Structure formats: structure tokens, C-alpha cells
Amino acid sequence: MRCEAEQVIVVNGSQQGLDLCARLLLDPGDRAAMEDPGYLLARQAFLATGAEVLPVPVDAEGPRTDALPEARLAYTTPSHQFPLGGVLAAGRRRELLAWAARHAAFVIEDDYDSEYRFDIAPIPPLQAMDGEGRVIYLGTASKTLSPTLRLGFLVVPAALAEAFAKAKRLSDRHSPSLEQEALAALIETGAYERHVRRVRRRNAERRAALLAALTEAEAGAVEVVGSDAGLHVVAWLNGVPRAREDDFVAAAA
């Protein structure tokens, strides 16, 4: 990614990052475009500002950029769409950036699950492709270390850095220093990178075991999508009546 230190805003996990984006970029009556289905807590953060949330349909390649409405911002999970698991194709990434430039809009790139790519080549983040200062990148350590470690970060366009820094300071002064110093030490020594490689291998083995088990089901009974990346897959249970949902939930528990 291309950025200066001043563009990095340390936050208490992704939710604070989303809240800062919503409060700084949306006014009552503004329009926010969002993947449908999508991440409920992001939608609620946008609605809390009084904005109107407009759904963008999703297919196997992520949100359909040809269906983007005119809006103040768009929220996307391009590395592993939540919840259906599609990876936003390179062509659609370019179309999304062109849309943002055309409408003077911002794109919130929630790089959820980006550390876990298995059988597909890496795709550069939207932020690295952005030449117009339209992308706000959101990342966390939740999926690599622990969701209880409430540390995340925004990489914001240079023109927004001061406003985001002031808003963060007003909300809680700063994120916990001790945890930041520990994470910084992990990064500086290379221990964090080694850890990510190790957990990626371990989760690839778990993923392979899960997919192998699902393929043993009766032919056509289970359709798996969204398995190229991330820590979850979607399994459509074909021919299973909705009335049995509680039975499946109980068995999984």
C-alpha cells in the first residue's frame, strides 16, 4: 500500500473505523451504497447518521458495479465478500474506482479476510489502485491474532487525514498504547509475518478437510460457494426444507 504515516489512523477495531467514516462522510439524507447481502453492523453505522442505505446486488465476483447508484460513499468487502464469499474481480475494482471519481464519492474498503487467500493469486487492494484519493482502507488484527484485541487501522486519503485524526481524538483520545507497542514489536521483528504464514497454512488444512467432507454429501445436495479465501464458506443445502433449520443449528452446536 502507498501511504504516509499521517494517513494511518489506529482505531479500536473495525466498528470504530466504520463509525468514524459514517460520522465524517455522511449527513442526514445522504445516500450510501452497500453490498446486499452485506455486513449488518456497517449498515447500522450508516443508518445511525440519518443516511439512506441503497442495496447493491452481489454475485460470484462480488458487488455488481454496473448496479451502483449515485451515492456519497460505497462500502465493500472485496477480498472475501461478507457473507457470500466472492472475491471482487480486478475489472470490477477498476469500475468501482471510476464510479467513485465520477460521483466524487468515497469507497470504504473493508479488507476483511485478506490474509487468507488459498487457491487464487493475490489482487492488490483498491487503495493501491486509487489515484484519486477516493479509497478509505480498513484493516484489523481480529482474524490473525484475536477479535478480543481491539486494534484496527484506517488508511485515509491525505486530504482527510487531519479530520479523521481530530475525530478519533474527540471520540476516545487514543487506542490502548500497550497493545499497540506489542503489535508494533511483532511487526518490526518479523514475528507477525511468520505468524500469519503459519496460521494461513493451518487454516488451509482445515478448509481442505471441510471441503472434502462436504463433497462426500449426496450428489447435488450441497453447493459450496465463496471458498477461495477467508475463514468461512457458504454451503447451500439444496432440497432441504426451511423447517429443518433449527435441527441443523442444533446439530452444528
Side-chain angles (χ1 to χ4, degrees), residues 1-4 6-9 11 14-59 61-82 84 86-112 114 123-139 152-168:
M1 291 173 55
R2 299 172 299 179
C3 65
E4 302 295 330
E6 292 74 18
Q7 293 174 249
V8 180
I9 310 296
V11 292
S14 62
Q15 197 59 33
Q16 185 180 44
L18 290 169
D19 179 67
L20 288 175
C21 290
R23 288 193 287 119
L24 286 172
L25 300 178
L26 293 173
D27 290 320
D30 282 348
R31 291 148 59 103
M34 184 171 169
E35 301 164 343
D36 181 34
Y39 183 43
L40 182 61
L41 290 180
R43 183 175 187 273
Q44 290 174 341
F46 303 148
L47 289 173
T49 68
E52 178 186 5
V53 177
L54 303 177
V56 178
V58 172
D59 61 21
E61 294 185 345
R64 281 182 41 205
T65 48
D66 62 340
L68 282 165
E70 183 176 350
R72 176 68 176 146
L73 66 80
Y75 170 84
T76 183
T77 50
S79 292
H80 193 221
Q81 198 276 328
F82 184 85
L84 295 184
V87 177
L88 189 62
R92 289 194 183 181
R93 291 172 187 245
R94 290 190 291 269
E95 291 168 0
L96 179 56
L97 293 174
W99 170 88
R102 190 164 59 250
H103 293 285
F106 291 97
V107 175
I108 301 175
E109 179 182 14
D110 188 344
D111 211 13
Y112 163 83
S114 63
I123 300 176
L126 285 166
Q127 195 275 348
M129 302 169 65
D130 176 26
E132 302 284 340
R134 291 286 156 196
V135 174
I136 298 168
Y137 182 98
L138 173 60
F153 64 97
L154 295 168
V155 180
V156 304
L160 298 179
E162 183 177 0
F164 268 84
K166 287 182 177 179
K168 165 64 179 176

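This structure is a prediction, so every number in the text was calculated from the model and none was measured.
Between the CG atom of Asp111 and the CZ atom of Phe153 there is a distance of 8.0 Å, given to the nearest 0.5 Å. Note: Glu70 CD to Arg102 CZ = 10.0 Å, rounded to the nearest 0.5 Å. Atoms CD1 and CG, from Ile9 and Leu20 in turn, are 8.5 Å apart once rounded to the nearest 0.5 Å. Taking SG of Cys21 as the start and CG of Leu160 as the end, the distance is 9.0 Å to the nearest 0.5 Å. The structure places CD1 of Ile108 at 5.0 Å from CG of Leu73, a figure rounded to the nearest 0.5 Å. The distance from atom CG of Leu40 to atom CG of Leu47, rounded to the nearest 0.5 Å, is 9.0 Å.
Side chains of Glu109 and Gln127: a donor-acceptor N/O pair is absent below 3.5 angstrom, by distance only. Between the side chains of Asp110 and Thr77, no donor-acceptor pair is found at a separation under 3.5 Å.
A perpendicular orientation is assigned to the rings of Tyr112 and Phe82, their planes being inclined by more than 60° (bins at 30° and 60°).
Contact of the Pro157 side chain with the Val135 side chain is not registered, since no non-hydrogen atoms from C-beta on lie closer than 4.5 Å. For the pair Arg93 and Leu88, the minimum side-chain heavy-atom distance is below 4.5 Å. Side-chain contact between Tyr75 and Tyr39: present, with at least one pair of heavy atoms (C-beta onward) separated by less than 4.5 Å. Considering only heavy atoms from C-beta on, Cys3 stays 4.5 Å or farther from Val156 through its side chain. When side chains are defined from C-beta on, Tyr137 does not count as touching Asp130, because their heavy atoms never get closer than 4.5 Å.
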- Task: For the pair Thr65 and Trp99, evaluate side chain to side chain contact (heavy atoms under 4.5 Å, CB included) and give the outcome as yes or no after the intermediate values.
- Result: CA-CA 8 Å; Thr65 48; Trp99 170 88; over 6 Å; no

- Message: Test side chain to side chain contact (heavy atoms under 4.5 Å, CB included) on Thr49 and Asp30; report intermediate values, then the result.
- Response: CA-CA 9 Å; Thr49 68; Asp30 282 348; over 6 Å; no

- Working for side chain to side chain contact (heavy atoms under 4.5 Å, CB included), residues Arg72 and Leu26: CA-CA 7 Å; Arg72 176 68 176 146; Leu26 293 173; 3.9 Å; yes

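Closest of all the heavy-atom pairs between Arg92 and Pro63 is NH1-O, 3.1 Å. Among all heavy-atom pairs drawn from Val58 and Pro37, the shortest one is CG2-O, 4.2 Å. Here the closest non-hydrogen pair linking Gln7 and Ala158 is NE2-N, 3.6 Å. Contact detail for Ser79 and Val87: the closest heavy-atom pair is O-CG2, 3.4 Å. Closest non-hydrogen pair, Ala71 versus His103, comes out as O-CB, 4.4 Å. Listed here is the closest heavy atom pair of Ala167 and Leu24: CB-CD1, 3.8 Å.
Heavy-atom contacts from other residues, nucleotides or ligands closer than 6.0 Å to CD of Glu162 number 12 or fewer.
The side chain to side chain donor-acceptor pair (under 3.5 Å) test with Glu35 is passed by exactly one of Arg43, Gln81, Arg64: Gln81.
Without hydrogens or angle criteria, Arg134 side chain to Val107 main chain gives no donor-acceptor distance under 3.5 Å. At least one donor-acceptor pair under 3.5 Å links the side chain of Arg2 to the backbone N or O of Ala128.
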